[in-house]
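Report on the following structure.
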Amino acid sequence: MSGSSGKGEGSGPTRLSQVGTDTVVAVAVDRAGGAAVVRADGSDVLIEPQRLALELGEIERTEHPRWVWWSIDTARTLVDLGVRPARCWDLGAVHRLLHGGWRADPARVWAVSRGLDPATVPERARVDLFTAEEPTGDDPAVRPDGHLAIEWLDGGWATDLDALRRHARLALDVYRRQSDALDRLPDRPGAPSTATSESAAELLCAELEHDGLPVDVDEAERIVGSFVGPRPDTAEDERQRIHDRDQQVLQNLPAHARDDLDLRNPADVKSLLRRVGIEVPDTRAWRLEQLRHEHPIVAELLRWRRAERIATTFGYRWLDEHVDRGRLRGAWSGADGAAGRMTATAGLHNLPGELRPAVAAEPGHVLVRSDLGQIEPRVLAAVSGDAALVSATRDDDMYAPVAGRLGVSREIAKVAVLGAMYGQTTGRGAEALRGLERAYPTAMGFLTAADVAAQGGRDLRTVGGRLVHLDGSRHDGADDRTERSRAAARGRFGRNAMIQGAAAELFKAWAVTVRAQLRELGAGEIVLCLHDELLVHAPETRADHTAALVDEALQAAAARWQRRIASAVDVRFVTDTAVLRRWSDAKDPLPLPR
DNA sequence: TGCGGCTATTG
DNA sequence: CACAATAGCCGCAG
């Protein structure tokens, strides 16, 4: 599948508009204005707003197309309408894959797809000064200089059907160009496959935002209350609570020393500790933990920190803001700016362990929790093609054979492997690192190559084709030592991005495979993605079925993902899957219903 | 009001 | 206390 672009008429390449055997249609939709669907053969369907759900649903059922759209905004609108397509192509997501970075607004995606300098993309304010530059060409959405016209520039989305049809046609044009670019990417034969799974992941994000994570609100309130007391009735009440909690710590000091001490100010905490004879370079919890027995105020302080954290970040205000009708909802992103992991707001990705009992299946349902075991070292074996490391992945615990080969304990082997992937050069794993170099030279060479390239400020690409941009610019006035430390940091970042990024691609391939199969079988819905862990909310009666589906989906996704790698290898990936009532029940799973 | 530093949580 | 993320509060510069 190479990009033989035929003779072009006008400007665009005329490559066949298909991914595999997919039928491709572009869609532009606006809830108030309707939708335009444009097929690859140029035919189109215009849909009035009141018939959106009906007709879009009908196209999905009868044509089963791959839907092309500009960004996750379209996915959100469709999900909102109750339309959940099986397959899609998200121009914004593919743009980020091909070109890196975070910004993927239509004006930018369009410009870059046509080889225009993104720095010349006009901004709204500038365009206003040059109204003479209003579109005059064949397509009123495209300016004479090749950039998208004013209607696109500030998120403005024209809502009449003619404009929507133009948006869809232009989307199809960008799709063809992106598809070509992916086919031509050197040494990344899997890039087109990454593009479709990254697109589906973006759609999954829209669904996660819509569906939310099931929360037992009473339990959540109970847990928050156990840290910070009952809900304050008034603002004054709340201030009093905060004061009381502060005094609980400060009463350990003589009265005259309590004033002017702010527990929220690290410098004040240092001087507080100095008063009781404790000198510390910083006041982080792990450091204070070791001094717990030195003075009673240390334990009080740690307890205060815990409560303060719940009160400020995961307290009643957090519940009120993010939990609605029993679901915790946040904004999801399919790929962060660095290596391409999914991200989420509203605490979905950093919920403290104490709050996990509040994440619970609804009546008649269960949570199927599944996580990938040792995903990063397994991914390292796959992307580097290191035969010895690949054979270590046959073990359920791949650190065991590594430890055996190195002649060190499992713990040391683990620290060394993780250290190699993070770029650690000192500490306990440092000596074992030399052993790794001898035993797994191909894997270590892969990491070193990424490190060296990144130190030099050269951009990298993950095995799936994601561009990881590195800023190699020198800062004026930075001395040699500073510059060396910046280069080293870039090296660690680049080395890790190749692993974390590839792992994120595998994870998303798994997640969207699970999504597709759940959809077909009505066996539940994904409610959380957590880097290497999936949470599926499933009907109780399908619990064992759903658990099996999740495991089988990994094998299918991992096989497809490995076929993306030029030096195809056979790494074993493993899951740990359990059926639970509450997220916290991981240690005590439900027996599967017979 | 915006930003860097510090802190805490997660994978 | 390496790699990544979100998020709160504080002090300080503008």
Side-chain angles (χ1 to χ4, degrees), chain A residues 102 213 227 242 246 261-270 280-290 301-315 317-318 321-322 328 330-356 359 369 371-377 379-380 414-430 433 447 450-451 454 460 462 466 468 485 488-504 507 528-535 576 583 586:
Chain A
W102 186 81
L213 181 67
F227 281 93
I242 292 169
D246 291 3
L261 266 183
D262 182 357
L263 294 174
R264 292 157 193 83
N265 183 339
D268 280 16
V269 174
K270 264 192 218 173
V280 281
D282 63 64
T283 72
R284 287 177 167 85
W286 66 268
R287 207 184 286 283
L288 298 187
E289 199 59 56
Q290 275 136 342
L301 187 59
L302 286 165
R303 214 162 57 88
W304 177 90
R305 282 258 177 92
R306 203 80 197 151
E308 179 73 1
R309 168 100 174 128
I310 296 287
T312 56
T313 308
F314 293 102
R317 197 173 54 219
W318 170 74
E321 266 177 40
H322 300 111
L328 170 61
W332 283 80
S333 157
D336 63 50
R341 276 185 172 188
M342 295 172 85
T343 62
T345 64
L348 283 157
H349 276 177
N350 56 350
L351 200 70
E354 294 98 326
L355 275 157
R356 291 189 177 197
V359 176
R369 196 208 74 107
D371 74 285
L372 299 176
Q374 306 171 341
I375 181 175
E376 291 194 340
V379 161
L380 170 61
K414 177 180 173 178
V415 168
V417 172
L418 292 175
M421 289 187 296
Y422 291 150
Q424 183 179 260
T425 52
T426 57
R428 282 300 272 130
L433 207 63
L447 292 170
D451 195 308
L460 298 167
T462 63
R466 176 174 304 279
V468 176
S485 113
R490 282 199 302 274
R492 290 194 301 271
F493 170 78
R495 156 195 297 260
N496 184 252
M498 291 301 93
I499 304 305
Q500 194 185 99
F507 174 81
L528 189 72
C529 293
L530 194 48
H531 310 313
D532 64 351
E533 178 175 350
L534 276 179
L535 225 46
D576 177 16
W583 197 9

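Letters A, B, ... mirror the listed sequences (proteins, then strands); counts begin at 1. As the structure is a computational prediction, the values presented were derived from the model and not from experiment.
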List every contact pair, protein side and nucleotides 3-7 of chain B side both N or O, where the distance is under 3.5 Å.
unit_1: dT7(B); atom_1: OP1; unit_2: Thr283(A); atom_2: N; d: 3.0
unit_1: dT7(B); atom_1: OP1; unit_2: Thr283(A); atom_2: OG1; d: 2.9
unit_1: dT7(B); atom_1: OP2; unit_2: Arg284(A); atom_2: NH1; d: 2.9
unit_1: dT7(B); atom_1: O3'; unit_2: Arg305(A); atom_2: NH1; d: 3.3

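- Shown here are the salt bridge (Lys or Arg N to Asp or Glu O under 4.0 Å) partners of Arg317(A), two or more places apart in sequence or in another chain: there are none.
- Among residues two or more places apart in sequence or in another chain, the salt bridge (Lys or Arg N to Asp or Glu O under 4.0 Å) test is passed with Asp451(A) by Arg495(A).
- Here the range on DNA chain C touched by chain A, meaning any atom under 4.0 Å from one of its heavy atoms, is dC1(C) to dG11(C).
- Heavy atoms of Leu351(A) sit under 4.0 angstrom from primed sugar atoms or phosphate atoms, though from no base atom.
- Partners of Arg303(A) by side chain to side chain donor-acceptor pair (under 3.5 Å), not counting sequence neighbours, listed by chain and number: Glu300(A).
- Across all strands shown, Arg356(A) has heavy atoms under 4.0 Å from sugar-phosphate atoms exclusively, and none from any base.
- In this view, Phe227(A) and Ile223(A), Arg306(A), Ile310(A), Glu354(A) satisfy the side-chain contact (heavy atoms from CB on, under 4.5 Å) rule, not counting sequence neighbours.
- Between the Lys270(A) side chain and the Pro281(A) main chain, a donor and an acceptor come within less than 3.5 Å of each other.
- Side chain of Arg341(A) to main chain of Ala504(A): no donor-acceptor pair is present (N/O by atom type, distance under 3.5 Å, no hydrogens or angles).
- Of the residues in residues 338-350 of chain A, those lying under 4.0 Å from DNA chain B by heavy-atom distance are Arg341(A), His349(A), Asn350(A).
- Arg369(A) pairs by the side chain to side chain donor-acceptor pair (under 3.5 Å) definition with Asp371(A), Glu533(A), not counting sequence neighbours.
- In this view, Ala339(A) and Ala497(A), Gln500(A) satisfy the side-chain contact (heavy atoms from CB on, under 4.5 Å) rule, not counting sequence neighbours.
- At a threshold of 4.0 angstrom between heavy atoms, the contacts of Gly353(A) are confined to the sugar-phosphate backbone, with no base atom among them.
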Can you give me every donor-acceptor pair (side chain of residues 342-350 of chain A, partner residue at least two apart or in another chain, under 3.5 Å) with its distance?
unit_1: Thr345(A); atom_1: OG1; unit_2: Ala331(A); atom_2: N; d: 2.9
unit_1: His349(A); atom_1: NE2; unit_2: Cys529(A); atom_2: O; d: 2.7

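- Residue Gly423(A) is out of contact with every strand shown, counting any heavy-atom pair closer than 4.0 Å.
- Contacts of Phe314(A) with the nucleic acid, taken as non-hydrogen atoms under 4.0 Å apart, are absent.
- Arg264(A) meets the side-chain contact (heavy atoms from CB on, under 4.5 Å) test with Ile242(A), Asp246(A), Asp262(A), Trp304(A), Glu308(A); sequence neighbours excluded.
- Partners of Leu433(A) according to the side-chain contact (heavy atoms from CB on, under 4.5 Å) rule, which considers only residues two or more places apart in sequence or in another chain, are Ala420(A), Leu436(A).
- Looking at which nucleotide of DNA chain C each of Trp286(A) and Gln500(A) is closest to, the 5′-most match is held by Trp286(A).
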